[in-house]
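Working notes for the structure below.
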Amino acid sequence: MVLSQTAEYALRAAAWLAANPDETPVRARDLSNETGIPAPYLAKILRRLVVAGVLESYKGVGGGFELARPPSEIPFTEILAAVDAYPGDDRCVFGWGACDPSDPCPLHPAWVQMSEAFRSWASTTTLADVG
C-alpha cells in the first residue's frame, strides 16, 4: 500500500516528536526544519493531529507541539485517521463503489488480504516502536 504524501508527513512528524522527547514543546518551524516537511503543509497536518488528540499545542512564547500521550499509547491508526489516510472497509479498489463481498470485483481477494495486513500493522504499531 502506498500512503499519501500527507500520511507520510503525519507519520514522520509524529515519529520525530516521539524519537526526540524534550521538556519543551517543539515549534512548527523547528519541526519543519528537522523533518524536511514544508512549513505551510506541516502546519495543516499538525492542526489535524491536535484536533484528533494525537498532539497538544501551546501558544505564545515557549509554545509549540508535543505528543498528547506517551508514544506507546499512540498507534499509527490514530495518526492515519487524523489525516483521512486510513482506508475504509467499504471502498472498492476496482472502482465499483462500495465493496460488496457477495459480488466481489476481480481485485477483491488480494485487496482484502493486503488491507487486513495493513490494518493489523497500523493498529499494533505505535510511536514507541519508532524510537
Could you tell me the separation between the CD1 atom of I79 and the CG atom of L11, rounded to the nearest 0.5 Å? 5.5 Å
Does anything in residues 59-85 pair up under ring-ring contact (aromatic ring centres under 6.0 Å, His included), and if so which pairs, sequence neighbours excluded? F76-W121
Minimal non-hydrogen separation, [X] against [Y], with atom names:
{"X": "V83", "Y": "A7", "value": "CG2-CA, 4.0 Å"}
{"X": "P71", "Y": "L67", "value": "CG-CD1, 3.8 Å"}
{"X": "S4", "Y": "A85", "value": "OG-CB, 4.3 Å"}

Tabulate below the donor-acceptor pairs under 3.5 Å that side-chain atoms of residues 93-108 make, not counting sequence neighbours, or state none.
unit_1	atom_1	unit_2	atom_2	d
D100	OD1	S102	N	3.1
D100	OD1	S102	OG	2.6
D100	OD2	S102	OG	3.4

N/O donor to acceptor pairs below 3.5 angstrom from side-chain atoms of residues 38-48, sequence neighbours left out:
unit_1	atom_1	unit_2	atom_2	d
Y41	OH	T6	N	3.3
Y41	OH	T6	OG1	2.4
R48	NE	A82	O	3.3
R48	NH2	D84	OD2	2.7

Any residue meeting side-chain contact (heavy atoms from CB on, under 4.5 Å) with E34, in chain and number order, not counting sequence neighbours: W16
Does any N or O in the side chain of T35 come within less than 3.5 Å of the main-chain N or O of L31, such that one atom is a donor and the other an acceptor? yes
For S120, is there any backbone N or O sitting under 3.5 Å from a side-chain donor or acceptor partner on S123? yes
Of all pairs that satisfy side-chain hydrogen bond (donor to acceptor under 3.5 Å, both in side chains), the ones with a partner from residues 64-77, not counting sequence neighbours: Y58-E66, R69-E78
Spell out, yes or no, whether I37 and L3 are grouped together once hydrophobic residues are joined by side-chain heavy atoms under 4.5 Å, including indirect joins. yes
Is there a side-chain contact between I74 and L127 in this structure, where contact means two heavy atoms from C-beta onward sitting under 4.5 Å apart? yes
Who are the salt bridge (Lys or Arg N to Asp or Glu O under 4.0 Å) partners of R27, not counting sequence neighbours? D30
